[in-house]
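Everything below concerns the one structure shown next.
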Amino acid sequence: MKAARGEMRIVLVGPPGAGKGTQARMLQQTFTIPQISTGDLLREAVREGTRLGQQARIYMDAGELVPDQLVTAMVAERLRRPDCAKGFLLDGFPRTIAQADALAAELAAHQERLDGVVSIVVPRADLVERLSGRWVCKACGAMYHERFDPPQRVGVCNRCQGALYQRNDDNVATVNARLEVYERATAPLLDYYRRHGVLHEINGSGKPEEVFQRIATVLRSLPPPAQP
Ligand code: AP5
């Protein structure tokens with residue numbers, strides 16, 4: 001079974017609120033490959049006030065994409081770290097054709113390629129509801145939903161007692177902007193990866209555990225990576 005070998009280079013793609021982060025956290029434990037979330041990396045840069053963070057913040061608060069060259073450089077640096085040697089789960093990257101081309105070039109330079117791209121499909125009305133009810137722990141990053149997965153105490157993380165907050169970009173106006181950006185810039189990636197024969201579309205409705213089982217079934221059925 002592939003999970004035991006932990007050798008998989010996977011991309012999770014889907015609109016804001018599709019459940020990429022929720023699923024990536026569950027998958028990284030089962031398949032023992034690191035989750036690399038460009039949203040999380042960028043939010044960390046914003047929190048730390050780095051040069052990248054200062055540049056990225058303006059785009060993120062507006063629901064726009066951070067420019068390709070900033071994000072691809074950040075991901076290339078992350079993929080070169082030792083924990084990615086046997087695979088990774090990219091969450092929220094690539095988001096444009098230019099980013100997909102840059103990723104393919106980076107992998108090819110190391111005689112690697114993607115094993116699979118999982119697209120999580122959820123109706124738009126559900127996306128808005130999921131995002132407007134999302135609460136995240138400031139301390140450990142655990143995610144809650146005020147209706148689907150509420151914390152035991154309002155505003156307090158079950159796991160570490162940290163304070164919960166709502167992301168700056170989860171207000172209705174910015175969510176709508178993010179959904180439009182997804183349709184315009186990211187949805188064309190589905191055809192791109194379909195043409196490359198690596199796209200798997202997954203129904204993202206239902207309980208997180210049910211969605212997880214659908215994705216895990218796909219990942220376990222992937223052919224082993226070609227030997228260099
Ligand atoms: P990012 O952080 O990647 O945000 P996103 O893609 O908009 O995705 P989200 O994190 O909002 O949603 P998700 O799909 O992970 O869903 P989640 O699991 O959290 O990016 C933020 C910004 O950073 C971008 O707008 C852009 O500015 C910038 N950026 C990032 N990557 C970039 C890139 N590559 N290029 C350029 N710019 C980039 O779930 C959402 C909610 O739903 C939670 O409350 C959860 O509990 C709930 N939920 C999850 N699954 C279910 C379920 N099955 N049923 C019911 N509720 C569920």
Side-chain angles (χ1 to χ4, degrees), residues 1-41 65 68 71-81 83-122 127 181-205 208 210-228:
M1 184 169 80
K2 268 204 143 180
R5 283 197 353 215
E7 264 204 52
M8 272 196 275
R9 294 175 179 86
I10 303 296
V11 163
L12 281 188
V13 66
K20 302 181 295 296
T22 302
Q23 294 302 323
R25 276 162 207 222
M26 296 162 86
L27 291 163
Q28 77 166 345
Q29 287 180 358
T30 300
F31 291 90
T32 53
I33 44 175
Q35 168 199 10
I36 299 172
S37 157
T38 43
D40 286 349
L41 291 174
L65 293 183
D68 287 334
V71 181
T72 51
M74 177 182 80
V75 172
E77 188 278 322
R78 181 65 187 84
L79 291 182
R80 286 182 205 126
R81 294 201 205 154
D83 64 335
C84 294
K86 299 236 170 210
F88 51 75
L89 189 58
L90 280 167
D91 155 11
F93 181 92
R95 262 167 143 102
T96 63
I97 302 283
Q99 292 181 15
D101 285 339
L103 175 63
E106 175 70 21
L107 294 177
H110 299 89
Q111 290 81 49
E112 293 166 359
R113 61 188 171 85
L114 287 178
D115 295 300
V117 174
V118 175
S119 159
I120 306 179
V121 182
V122 175
L127 298 172
V181 167
Y182 176 82
E183 287 305 326
R184 189 178 70 237
T186 308
L189 273 184
L190 302 181
D191 264 343
Y192 173 101
Y193 282 126
R194 198 174 285 120
R195 281 199 306 277
H196 285 74
V198 288
L199 183 73
H200 302 269
E201 291 183 278
I202 298 288
N203 172 8
S205 296
E210 293 166 349
V211 180
F212 170 77
Q213 289 305 335
R214 290 176 203 137
I215 299 176
T217 301
V218 165
L219 298 191
R220 288 186 176 122
S221 69
L222 292 176
Q227 296 301 315

Between [atom1] on residue [X] and [atom2] on residue [Y], distance to nearest 0.5 Å:
| X | Y | atom1 | atom2 | value |
| --- | --- | --- | --- | --- |
| D91 | Q23 | CG | CD | 10.5 Å |
| L27 | T22 | CG | OG1 | 10.5 Å |
| S37 | R78 | OG | CZ | 11.0 Å |
| H110 | C84 | NE2 | SG | 11.0 Å |

- Give the C-alpha distance, both sets of side-chain angles, the deciding distance and a yes or no for side chain to side chain contact (heavy atoms under 4.5 Å, CB included) between L103 and V11. CA-CA 11 Å; L103 175 63; V11 163; 4.1 Å; yes

Over all heavy atoms of both residues, which pair between [X] and [Y] is shortest? Give the atoms and the distance, please.
| X | Y | answer |
| --- | --- | --- |
| D40 | R25 | OD2-NH2, 3.6 Å |
| M8 | I33 | O-CD1, 3.8 Å |
| S119 | L199 | CB-CD1, 4.0 Å |
| I120 | L12 | CD1-CD2, 4.5 Å |
| L127 | A18 | CD2-N, 3.6 Å |

I want to check something: taking the side chain as every heavy atom from C-beta on, are [X] and [Y] in contact at a cut-off of under 4.5 Å?
| X | Y | result |
| --- | --- | --- |
| F31 | L89 | no |
| R80 | E106 | yes |
| R81 | P34 | no |
| V75 | Q99 | no |
| F93 | T72 | yes |

- Applying side chain to side chain contact (heavy atoms under 4.5 Å, CB included), run through L114 and Y193 and close with a yes or a no. CA-CA 10 Å; L114 287 178; Y193 282 126; 3.8 Å; yes

- Query: Counting distance only, does the side-chain N/O of Q28 pair as donor-acceptor with the main-chain N or O of Q35 below 3.5 Å?
  - Reply: yes

- Query: Is the side chain of D115 donor-acceptor paired with the backbone N or O of I10 at a distance under 3.5 Å, no angle test?
  - Reply: no

Distance-only donor-acceptor pairs under 3.5 Å for side chains of residues 181-189, two or more places apart:
{"from": "T186", "atom 1": "OG1", "to": "R95", "atom 2": "O", "distance (Å)": "2.8"}

- Task: Kindly indicate, with the supporting measurements, whether the criterion side chain to side chain contact (heavy atoms under 4.5 Å, CB included) is fulfilled by F212 and I202.
- Result: CA-CA 10 Å; F212 170 77; I202 298 288; over 6 Å; no

- Message: Please determine whether side chain to side chain contact (heavy atoms under 4.5 Å, CB included) holds for the pair I36 and M74, giving the CA-CA distance in whole Å, both sets of side-chain angles, and the decisive distance to 0.1 Å.
- Response: CA-CA 11 Å; I36 299 172; M74 177 182 80; over 6 Å; no

